[in-house]
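Comments concern the structure below.
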Amino acid sequence: MNRHISEQFDEELEALRKQLLEMGGLVERQIDMACRALIAHDIDLADEVRVMDGTVNAYEVAIDDQVIHVIARRQPTATDLRTLICIMKASTDLERMGDESDRIAKMAQGMGRLPFPPDQYKHVREMSQQVRRMVTNVLDAFARNDSTAAQQVIADDRSVDDQYREATAYQLLQLKENPEQAERSMNTLWTLRALERIGDHAKNIGEQVVFKVLGEDVRHPDKTAR
């Protein structure tokens, strides 16, 4: 009987793990499509992204309900409990990435009727590539229980922050020098902010993966020790 219960529990954990990775794959597509929609002024593609947001939200609700149900019935401890906590928190971060993708798509809808900027959204292109790489890598780290890869994603967030500061400074200069293009500059600034926040959420998942694998909370490192 105990063996049977243990096998059922393992199956429940595996089902939740797969569901989170499915959600992650959907969010990856949402981020990619939103960025392509903005860069290409593709309003139809932006519309598709916004429709996808409801599916992402439904994933989060379903995962949360199942995790709570499993914890209540199985009363897991140690690694199993950390795994469930990781899945639940990661689903929240993925849902928020979806919200940021929806925000980028909304910007794309408004910018589709505007002329292309001279730089062809250079900073958006660069940041989106880095952020999408982080999301892909952190989902892979989760799937493989790879704490080293997760820690690299955490470190990569600093590069995204640096890109964001540089890109924001450039857009503010453009806003000052070309006030007639204020709408495009402001929408680009909001897009860059959304990408920076997606990077933050990828970092959060990386921290949860480290906690899941090693049992170490690395969310708030001691800055005085650096």
Set of ring pair (Phe, Tyr, Trp, His ring centres under 6.0 Å) partners for Y121, sequence neighbours left out = H41
Can you give the donor-acceptor pairs under 3.5 Å from side chains of residues 161-169 to other protein atoms, not counting sequence neighbours?
{"from": "D162", "atom 1": "OD1", "to": "R165", "atom 2": "NH2", "distance (Å)": "2.3"}
{"from": "T168", "atom 1": "OG1", "to": "Y164", "atom 2": "O", "distance (Å)": "2.8"}

Are E95 and Y59 close enough that a side-chain donor and a side-chain acceptor fall under 3.5 Å?
-> no
Is a donor on one side and an acceptor on the other found under 3.5 Å between the side chain of N178 and the backbone of Q181?
-> no
Could you tell me whether a side-chain N or O of R82 sits under 3.5 Å from a main-chain N or O of F211, the two making a donor and an acceptor?
-> yes
Between Q120 and R125, is any side-chain donor less than 3.5 angstrom from a side-chain acceptor?
-> no
Backbone N or O of P115 within a donor-acceptor pair of the R184 side chain at under 3.5 Å?
-> yes
Can L20 and L94 be said to form a side chain to side chain contact (heavy atoms under 4.5 Å, CB included), step by step?
-> CA-CA 9 Å; L20 184 78; L94 286 171; 3.8 Å; yes
Taking atom CD of E14 as the centre, does the number of heavy atoms from other residues, nucleotides or ligands within less than 6.0 Å exceed 12?
-> yes
Are E100 and R96 within salt-bridge range, i.e. N to O under 4.0 Å?
-> no
To the nearest 0.5 angstrom, please state how far the CE atom of M52 sits from the CD1 atom of I31.
-> 10.0 Å
Measure the CD-CG distance between Q171 and L189 for me, rounded to the nearest 0.5 Å.
-> 5.5 Å
Might you point out which heavy atoms bring L38 and I104 nearest each other, and give the distance in Å?
-> CD1-O, 4.0 Å
Atom CD1 in I85, atom CD1 in I71: separation rounded to 0.5 Å?
-> 6.0 Å
For a side chain to side chain contact (heavy atoms under 4.5 Å, CB included) with V153, tell me which candidate from N137, T136, V210 qualifies.
-> N137
Distance from M107 atom CE to R103 atom CZ, nearest 0.5 Å?
-> 7.5 Å
Distance in Å, T79 OG1 paired with K212 NZ, rounded so as to fall on 0.5 Å steps | 10.0 Å
Side chain to side chain contact (heavy atoms under 4.5 Å, CB included) between I198 and H201: does it pass, once the steps are laid out?
-> CA-CA 5 Å; I198 291 171; H201 291 303; 5.5 Å; no
Roughly how far, to the nearest 0.5 Å, is the CG atom of D64 from the NZ atom of K89?
-> 12.0 Å
Short N-O contact, R74 and E12, less than 4.0 angstrom = yes
Salt-bridge test for R36 and D42: reply yes if a basic N is under 4.0 Å from a carboxylate O, no otherwise.
-> no
Show your working on side chain to side chain contact (heavy atoms under 4.5 Å, CB included) between E60 and I63 and close with a plain yes or no.
-> CA-CA 5 Å; E60 184 197 20; I63 289 172; 6.0 Å; no
N-O pairing of E183 and R113 below 4.0 Å | yes
Tightest non-hydrogen contact, residues V209 and A141, listed as CG1-O, 4.0 Å
Minimal heavy-atom distance between P76 and L84, with the atoms involved, is CG-CD1, 3.5 Å
Taking it one step at a time, do L175 and M186 satisfy side chain to side chain contact (heavy atoms under 4.5 Å, CB included)?
-> CA-CA 8 Å; L175 184 60; M186 290 303 302; 3.9 Å; yes
Side chains of N204 and Q208, donor plus acceptor under 3.5 Å = no
With Y170, which residues qualify under ring pair (Phe, Tyr, Trp, His ring centres under 6.0 Å), at least two apart?
-> H123
